[in-house]
Amino acid sequence: MAERKKRSEADRKIRVLVAKPGLDGHDRGAKVVARALRDAGMEVIYTGLRQTPEMIAEAALQEDVDVVGLSVLSGAHMALTPRVLELLKANGQSHVKVFVGGIVPDEDLGHLKEMGVAGIYGPGASTEDIVREIKLAVTG
Amino acid sequence: MTLTQAILKGDRLALARLLSHVENDSPQGRAALIELYPHTGRAHMIGVTGAPGTGKSSLVNQLALHYRRTEGKRIAIVAVDPSSPFSGGAVLGDRVRMRDLSGDSGVFIRSMASRGSLGGLAQSTAGLAQVFDAAGFDKILIETVGAGQGEVEVARLAHTTLVVEAPGLGDDIQAIKAGILEIADILVVNKADRPGVENTEKALRSMLELAHPVQRTFMHHGLAMSVSSPKEDTLENMWTPPILRTVALDGQGIPELAGWIARHETHLRQSGDWMVRERARLEVELETLVREELMGRFREEIPDNRYEEILERVVQKNLSPWEAVRILMNGRLN
Ligand SMILES: Nc1nc2c(ncn2[C@@H]2O[C@H](COP(=O)(O)OP(=O)(O)OP(=O)(O)O)[C@@H](O)[C@H]2O)c(=O)[nH]1
Ligand SMILES: [Mg+2]
């Protein structure tokens, strides 16, 4: 009797922005994650390659997302991530949870966490883990 | 300050939040729509629909750029993509083609998943458009994938509907259904840089003759050509959709397209069709709300188990659906 359920109850969705900052290469990993999040019932706004932190923060605002997922390969994560966090905060979106995926050296993990990154995933991470942790982070 | 006041003052974060409330049909969203209603009715709503991959997002990007450069108009974009029927989730990818618009505070792009129901999509799109309208956006571009009834419903919200086709998408025009052609105010053959444009154009023109048999106007070597049929005198107010070529990759044909959109708006206002469309749109909206309200009351009054019990009797063929309705509406079992 799905029809009888109210729209608002049935349809509140977690909204995630998946972005690929930096100038490097492909976005295969980001797309795999995007599809996994969709299959977990989330609404994923996919913005494509070569996004600047400004573009990412602007899109996060317009789309009123709960989560921003950054896919980084270039090693530029230490420059890009804090900038995104800073801009989100400046826009009044400090409630948005930021996740980072890609190759992050062990010595940077602590720094990123300190900055306020909610989760960091290497190339081998399971999509189930990512989905579970995003859901947990958003619903509290 | 309430969300509504913040929006009228131009607060973009408040706008983004309210769009979510409206999309989720929350009580706060409804309350805001009531407050904002007197501020609506100014924007020109432009629907952009067509088969997947025809270049709708790229075209919306170019149109918005054009309006920003030439008229400085404030542009809102609602980009709708389908939800997965399996998970209810969605990947919304239209922004990928709209990166030229980032960094411009005169543009606001919002992606929306079609979610469940048919009427629901049209209703939430209408809600989003009303919020943008009240927030002072001059043009609202609504992109939908022209695949089903839901998208046709959405297109009917718009004052001006563009139907986008492109050459080389398999069996020429198969992608376009006659029902979609009927809602077209302007036909766009995008990807005009590709081979096969003439065929696509020809096929569209012959289909259009069936859909709009009274009068033909089309662009020929950049000129608007009008081919009349004898009946036209009696229906001279009728708009006949032009067929335009564009290349959304580099913007070819976009000024002409914008020109035709403006011409259509003028036509609507001068012929009185603008008010006719507004009226029809608001009537549908009112009806939808009444239906929802009645359904809501019905749900409250009839306990789930009673509903199930009657449904079961219908399934067992002990009761016809028509009798079941009468019993349910009277609120008693006999
Ligand atoms: N050659 C050529 N390619 C184009 C043109 N316009 C768009 N494209 C390409 O066509 C592809 C699809 O473009 P989109 O703008 O995403 O098309 P869409 O209709 O919005 O697609 P969906 O939203 O997925 O239905 C992209 O690769 C574009 O770069 C054009 O005028 N010429
Ligand atoms: Mg698109």
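Chain identifiers are assigned alphabetically (A, B, ...) following the order of the sequence lines, protein sequences preceding nucleic acid strands; residue numbering begins at 1 within each chain. FYI, side chains are in, hydrogens and waters are out, and symmetry mates aren't considered; it's all heavy atoms of this structure.
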Heavy-atom contact with chain B under 4.5 Å, split by part of A:E54
neither
Taking side chain as everything from C-beta outward and backbone as N, CA, C, O, which of these in [X] sits under 4.5 Å from a heavy atom of chain A? Side chain, backbone, both or neither.
X	value
B:F86	neither
B:D104	backbone
B:R99	both
B:S84	side chain

Would you call the rings of B:F298 and B:Y307 parallel, tilted or perpendicular if under 30° counts as parallel and over 60° as perpendicular?
perpendicular
Among the options A:I45, A:V44, A:L61, pick out the one with the most heavy-atom pairs lying under 4.5 Å from chain B.
A:V44
Among the listed options A:M42, A:E63, A:Q93, A:E58, the residue most often paired with chain B at heavy-atom distances under 4.5 Å:
A:E63
Between B:L15 and A:Q62, does the side-chain contact (heavy atoms from CB on, under 4.5 Å) criterion hold? Intermediate values first, please.
CA-CA 8 Å; B:L15 175 58; A:Q62 293 178 353; over 6 Å; no
Residues B:Q123, B:E23; criterion side chain to side chain donor-acceptor pair (under 3.5 Å); working and verdict:
CA-CA 9 Å; B:Q123 208 193 329; B:E23 195 187 353; over 6 Å; no
Yes or no on side chain to side chain donor-acceptor pair (under 3.5 Å) for B:T40 and B:D133, after CA distance, side-chain angles and deciding distance?
CA-CA 5 Å; B:T40 62; B:D133 186 356; 4.7 Å; no
Over all heavy atoms of both residues, which pair between A:L17 and A:I56 is shortest? Give the atoms and the distance, please.
CD2-O, 3.6 Å
Using the rule given for side chain to side chain donor-acceptor pair (under 3.5 Å), can you reason through B:T288 versus B:E285, listing the C-alpha separation, both sets of side-chain angles and the distance that settles it, and then say yes or no?
CA-CA 5 Å; B:T288 311; B:E285 195 170 340; over 6 Å; no
